[in-house]
There are 2 protein chains.
Amino acid sequence: MVQDDDGAFAPEDAPPSSGFLDDGKNTIGSQLASRLREAIISGELQAGSKINLDKARKTFNVSLSPLREGLARLISDGLVEFEDNRGYRVSAISLANLEEITTLREEFEVFALRESMRLGDVEWEGNVMRALHRLNRTERDAARPETLERWEELHREYHLTLISGCGKPILLHFCRLLLNLNDRYRRVFLTRTSGDRNVSQEHSEIAQGAVARDLDYACDMLRQHIHRTGTNLRNHLSTKGIL
Amino acid sequence: MVQDDDGAFAPEDAPPSSGFLDDGKNTIGSQLASRLREAIISGELQAGSKINLDKARKTFNVSLSPLREGLARLISDGLVEFEDNRGYRVSAISLANLEEITTLREEFEVFALRESMRLGDVEWEGNVMRALHRLNRTERDAARPETLERWEELHREYHLTLISGCGKPILLHFCRLLLNLNDRYRRVFLTRTSGDRNVSQEHSEIAQGAVARDLDYACDMLRQHIHRTGTNLRNHLSTKGIL
DNA sequence: CCTTGACAGATAATCGATTATTTGGATAGT
DNA sequence: ACTATCCAAATAATCGATTATCTGTCAAGG
């Protein structure tokens, strides 16, 4: 929470940040939020499971105050739920939930992209091309988890950059949240791309359409991209079991 | 947080609740969240102002833990912002912010209404008609603040009910948040309806179109309704000063 | 006169201990 | 056996005190 200050819903997670010094999160609460977020999105903390404060306190070696602080932020992220006197639990996953996320991404991420194309400046274009390049140059090898993590990070960055020109902080906040939720499904259920897709090419097409301001084309490509991912995830979800 | 349990983004503020006993919020944190929310939406806590934890602690006569707890929830509501080591502040208002809220309501709320009409059952229809009736039977007299508060509550209830049939908890969460933000502008800047509008009739037309499943008509009416409110607020905002 | 650094007061973050609530299991009554 | 009631352990919520960070002010140096 260091960089931005343009009103409500400023980006809450640090961008690339070509790190000088002091770049990381400051308070224990913030650090915890990051660690917990990663633990949830990676599936280390199982979806739907209860979060025992005392155990978590010992696991992370912190006191209750920052722990609650961190959890509170994940509630804003949609990754954790809370009930008075009953504590916290990791948000459950379900087919219905996945489908809602996909549907909403198709609606709102596409809307945000359209607005970005309408309003974005040259710097936005540059950021898009950079994010695309970095993503496509990164290998994704199911055998090496660290490449998966890296790829996820860049993929997230790419999608956020794509819509970052829309000039609508609240909308960006919503999209970020949906991406969080979506990424968890992918991290857990999808370690490799389905054979009939060329995801790199999909990303390229969207980005090129975007900087060329070909509104309908880019929006359509993005919508299909999201939709395909949703379909793949749905298949893996029903196959691999959880219902 | 007593009633619902259907996964992520369950409604977080108690519905009518034809109160037996024990109906209110349980923990101090919850109660504080309610009081603070009201204080912010009513304008009692000025937009953009810093929230001094120590003063707030004394004002509300509570300890820091529940205070932070309550504030954390308002962050999820978009009414409060936070920055590490700098504390909390009431989200600022601005023309740009108002316009974004209006735009997003037009997109999201209309989409949610369409889905409600597509998926809602008879009970939903009944709820809509009830909410409409209760709203239209409630007088709104600028001279008596308590009628304004009551009207706001029912108005909010009406809009939420309208979209409550959409079967999309996350979407409902977004809409609730946008309504919160929007209501603050109205409470602060608009104590009476502009002369050329018949708001009751607008509400009736939307509701009737909705239960008749006249998708295009109802959506169009709702969009216009939201848009008109946005325009009115914009005028009052620029007139009454803050820029 | 402007900039830099050090100090002090204000404010936020964290801790450890205490209090309140919930939950599961044992017990008594039917 | 079956339900209802009561206890105790587990867990969440809150508190008061302590520690860390920030912010503004003032003095020294340029």
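This is a predicted model, so every value here is computed, not measured.
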Whole-Å distance separating the CD atom of A/Glu69 from the P atom of C/dT14: 7 Å

To the nearest Å, give me how far apart OH (A/Tyr88) and C1' (D/dT11) are. 13 Å

A/Arg186 and A/His155 side chains, donor-acceptor separation under 3.5 Å: yes

Round to the nearest Å and state the distance from B/Asp54 atom CG to D/dT19 atom C1'. 15 Å

Tell me every residue that passes side chain to side chain contact (heavy atoms under 4.5 Å, CB included) with B/Ile226, counting only those two or more places apart in sequence or in another chain. B/Thr102, B/Arg105, B/Glu106, B/Glu109, B/Leu222

Find the distance B/Phe82:CZ to D/dT21:P and express it as a whole number of Å. 14 Å

So which nucleotide from D/dT21, D/dA12, C/dT11 ends up closest to the side chain of B/Asn52? C/dT11

Figure out the NZ/C1' separation between A/Lys55 and D/dA10, and round it to whole Å. 10 Å

Among residues at least two apart in sequence or on other chains, which ones pass side-chain hydrogen bond (donor to acceptor under 3.5 Å, both in side chains) with B/Arg118? B/Glu115

Which residues share a side-chain hydrogen bond (donor to acceptor under 3.5 Å, both in side chains) with B/Arg89, sequence neighbours left out: none

A/Asn85 side chain: which of D/dT21, C/dT11, C/dT21 is closest? C/dT21

Could you check how far CD of B/Glu83 sits from P of C/dT11, rounded to whole Å? 17 Å

Please report, rounded to the nearest Å, how far the P atom of D/dA12 is from the CG atom of A/Leu71. 10 Å

With B/Gln46, which residues qualify under side chain to side chain contact (heavy atoms under 4.5 Å, CB included), at least two apart? B/Ser49

Anything under 3.5 Å between a protein N or O and an N or O of nucleotides 15-19 of chain C, put it in a table, one pair a line.
residue: C/dC15; atom: OP2; partner: A/Ser63; partner atom: N; Å: 3.0
residue: C/dC15; atom: N4; partner: A/Ser65; partner atom: OG; Å: 3.2

side-chain hydrogen bond (donor to acceptor under 3.5 Å, both in side chains) with A/Tyr158: which residues, sequence neighbours excluded? none

How many Å lie between CG on B/Leu53 and C1' on C/dT14, as a whole number? 13 Å

Sugar-phosphate only, base, or nothing, as touched by B/Leu67 at under 4.0 Å among non-hydrogen atoms: nothing

Measuring to OP1 and OP2 of C/dA12, would you say a side-chain N or O of B/Lys50 lies under 4.0 angstrom away? yes

Does a side-chain N-to-carboxylate-O contact under 4.0 Å join A/Lys58 and A/Asp54? yes

